[in-house]
Structures are given as structure tokens and as C-alpha cells.
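Written below as C-alpha cells is the structure these notes are about.
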Amino acid sequence: MALIIALLVLTLLSFGRILSLSFGWDDYTSLYFTVHNKLFQYPYYADQFRFVPLFRLFGLSPMPYYAVSLVLFFVDALLLVILAYRITNNRAVAVVTAVFFIVSFVGSDSMYYAVEGLRNTQFLLLLLATLFAYISFQKAKRQWLYAATLAGFIIITVVFPYRAFFVLPLLFVVDRSATKPDLLKTTLLRLLPFLFIDLFLYLVLPKLPGVKNIMGHIRPTSFLATPIWLHVRNFSLTWLYFLIPSSFFTRFPQLHQTVKPFMPWIGMMLFLAPAFFLFRSRPSVFLRLARINFWFLSIVLLSFVLIVNASFTTEYRYLLVARPFAAMFIAGLLFHLMSRSNRQRLIAKFFIFVLTISIVLNVYEHVVYQTQIIDRRGAFAKKVIATIKAHVPIIQRNTLFFLDADENEQRDRFAEATRVGTLPAGASLAVYYGTDYEQIEIADRVHCDVFQSVLETWRGEPVDIYYFFTDGNKIIQKPKERAFELCNITAFGQ
């Protein structure tokens, strides 16, 4: 009970501030579809079953969504304790794993968006439960555990096709990492049903009549057209940023420019060095935990690199699903290095030093980044929406909001409050007004071209223009003529 309370307190300290956040980015995409009763398309169709019920209960109040994400994140941490203990039979390493999971910077950005936080924490819950079932099956060889693994796999792939493409390789690693692995032929036959499920989901389902597919921005085979050296570079950088937060480098611009050409090489060395050490050291339960999760982490990071054809910064929201494997890898490696047989070895001391620096930097960057997010999308963002709604309670025709500030930082805060992911910028405010996003546009003095283009598009139609200005935390409405003056645009009869 004390452990549960301690982890709960640590979770609240690490992420409790997200309860003050407003909606942002892809939240507005899901909210827009929900407000307008539009069906979510493949691969997001499952949002109708997990997000829409929350909307029916809580509407446009963001706090409950973040609260559910926070609860799920805490449950994930508890499940990770159970999984790490199942592998090592050691309470200390299981607890340390959960602590690393909670305070890490890897994939933290996911928790700062209501919908993405719900998706990834739910995905992790199912993924960790499925891995636990299969690891337990490897130890006990009970068929009901195999059936539970298959059921978990089906649920994951059906509900989360956008993320489930790497689950089958993880199960293969579990099978081959058993203390006494079966023959390779047995492993392949055992995993054959899982392969058929994947083939149906990714090759057959999207092509069935009536299935609306928006997965065009992710082309599973596009990586074949990219040079191998570029994939290696992207993977090396992503691995580097998993150990040393990417935001740390940007704090030292001159140093960053100096080491930037060498960063892929540094990342590759930080990948190969522990790989060589892991598979050359004496076996131990801690080493087994580190080895398994070295493969897990490599598969997950490489999968995202290949699918997106890019490297990822430490906090990037997709990487929350790599967070538990990063925690288990670091915990297992640290405990193995600090064991009596390794304590005095020079190479062990080197790895302990590197991992300690990595942990400290992850915690520090996590805190700093969260403070920046709270400043951008916390009380100020909520105030932006509330102020606009107070001055413009109803929209009945084409409407343009000009959001302005004298300083770039203030304009960025303004923009963050209304930023949208895959839909046009007006979709954020369209959510609150219940209108079509094509009826609303947002511009500022940096994007006067957008302002002019919108006026040209709406020429001859009735248009309402509202000018809002922010100075610090104050948001005031001013005459719309100021927007035309700033952009040196004729009012087109407005």
C-alpha cells in the first residue's frame, strides 16, 4: 500500500499540473469530428468508443480528459512494476523501473494533449498487459495465458492500428529471450495467428468497401525509397535523444552547431557500446531485463523512424510508448552494473556515469519543458478562448479573428491556444462555436498573407473581423481597422 501511495504522489508531482491545461493541437481534430457527429476514419475509428463517451460526459471541459489520462498513466506505472518484477523477481528493480517511467522525459509531450494522452496511456495499458501475459506463458506454458496474449493482441491491433505495428516483433523477442527458448520453428508457428491478424489489419481492412482511410500520411513501405544511411542516421539521433534530451543541446547553440555533424556518430556509439556490453557480460536477472528491453526499445524506435522517415526529439508524443522500455532498460542495466561482480570494473563505472547523467538530464528537461507548456496552454490559453467567446458569443457568417501581440513570444502564446493538427486553424474555434471550420479563419501580423488571401476568398460575402491584442496576460479587443493597418491591406469594403 505504501508503494502505491508513493508512486501516486510521484505521478502527481510529475504530471499533476496537466490538469490546468487547455485543449490543443490534435485535440481539436477529434473534438471537431465529435461536435459535428462525424465518424472517425481509419485508423482513428476507435476514438468513437473511447473518446466520444468522455465527450458526452464532460463536453468541452478539458480537465476531466487530462484526469483520466493521469489515472491511466498511474495504472501503467503499477503494471510496469508487476511486469519488471515478473521478469526479475526483484522488488527493488521493479520499483526503480516505475520511478524512471514516471519522471522520464521520453515521450512526455503526449501527456500535454488530452486526446493523445488518452490514446497512448490506454495503448500502454493493453501493451504491458499483453506482454505480461506472454512472458507468463513462457514461464508456465499454460494455454489460457497464450489465449490471453492473443486476445490482447487482437484488441490492441483493432483499437490502435496506428501504433500496433511493432507489437508482433516484441512478442518474438519475448519468445526468443526465454530462459530455455523453444525451437525457432515452434516460435514461428506459435506466432503465425498473430501474423495473420496483422496482415488483415494493415493490408485488407483499409481496402474494404465503406472503410474511410486517412492513413495516407503514413505509408508503411515508403521507407524502401529512402537510402539506408538516412535511416541509420535517424535511428542514431533518436537513440541519442533517448539518452540525452534533445532540448539540452538547444540550450547551448554554439556547442550544438559544433557537435551537430557528429551527433549521429555519437548516437551510434551510445547504441553499440551498451549492445556490446550487454551481450558480453555474465548473465543475471538484471542483465536479462536490460537485454529484453534493449531489443524492445530498438524495435519501437526503429519502427517509428521507418514509418515516419525522420528522427524524433526526446519529448515527441509518439515515444511515450517507448517510455516503459526505456525505464526497464536503464533500471536493469544500472542494477547489473552495480552488482558486486561489476562494481569495480572501469567500464561499469563509465556506464553508471553516463546513465546517471542521462537520468538527471531527463528529469531536469521534463520539469523545464512542462513549465513552458503550462505557460503556453494553461490558464492563458483558457483565457484566450473565454475572452473571444465573451466578446463574440455567436457566429452567423464568415468570421476572421486577428490575434496580435507586439512580441513574438506573446504571439506564439496566442497561436498555441488555437493551434490545430490536421485541420485548418479555424477548426479550434469552430469546436466552441459548433460551426464549420471553413467559416472561421485565424491570422496575425506575421501571416498577413493569410489575412489577405482570406479576404480575397470571401470577397463579396459578408465577413465579420475581430481584432484581439495581448500584452502579458491581458487580452483586449480593439478596432478591426488596426489589423488592416498592420498588414497594409485595403479593407475591401469591410
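Hydrogens, waters and symmetry mates are skipped; everything else that's a heavy atom, side chains included, is used. None of these values were measured; they are calculated from a predicted model.
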Among Y134, F194, F160, which one satisfies ring-ring contact (aromatic ring centres under 6.0 Å, His included) with F153?
F194
Quick one: does D175's side chain have a donor or acceptor within less than 3.5 Å of a partner on L171's backbone?
no
Under 6.0 Å from the ring centre and within 45 degrees of the ring axis: does the NZ or CZ of K141 meet both conditions for the six-membered ring of F137?
yes
Cation-pi check for Y113 against R119: NZ or CZ below 6.0 Å from the six-membered ring centre and within 45 degrees of the axis, yes or no?
no
Backbone of Y316 reached by a side-chain donor or acceptor of D109 within 3.5 Å
no
Can you tell me if I228 has over 12 outside heavy atoms packed within less than 6.0 Å of its CD1?
no
Between F242, F329, F294, which is the residue that forms a ring-ring contact (aromatic ring centres under 6.0 Å, His included) with F271?
F294
Applying ring-ring contact (aromatic ring centres under 6.0 Å, His included), can you list everything that pairs with Y32, at least two apart in sequence or on another chain?
H36, Y437
Before you tell me yes or no, could you show the steps for W239 and S298 under side-chain contact (heavy atoms from CB on, under 4.5 Å), namely the whole-Å CA-CA distance, both residues' side-chain angles and the distance that decides it to 0.1 Å?
CA-CA 8 Å; W239 185 273; S298 300; 3.8 Å; yes
Step-by-step side-chain contact (heavy atoms from CB on, under 4.5 Å) determination, F73 to I102:
CA-CA 8 Å; F73 183 85; I102 293 171; 4.2 Å; yes
Please determine whether the number of non-hydrogen atoms from other residues, nucleotides or ligands lying under 6.0 Å from atom CZ of R142 exceeds 12.
no
Check this for me: R91, atom CZ, are more than 12 non-hydrogen atoms of other residues, nucleotides or ligands nearer than 6.0 Å?
no
Would the distance check show the side chain of R419 and the main-chain N or O of W25 forming a donor-acceptor pair, the cut-off being under 3.5 Å?
no
Any donor-acceptor pair under 3.5 Å linking the side chain of S236 with the backbone of G267?
no
Decide, yes or no, whether a salt bridge links D26 with R317 under the criterion of side-chain N to carboxylate O below 4.0 Å.
yes
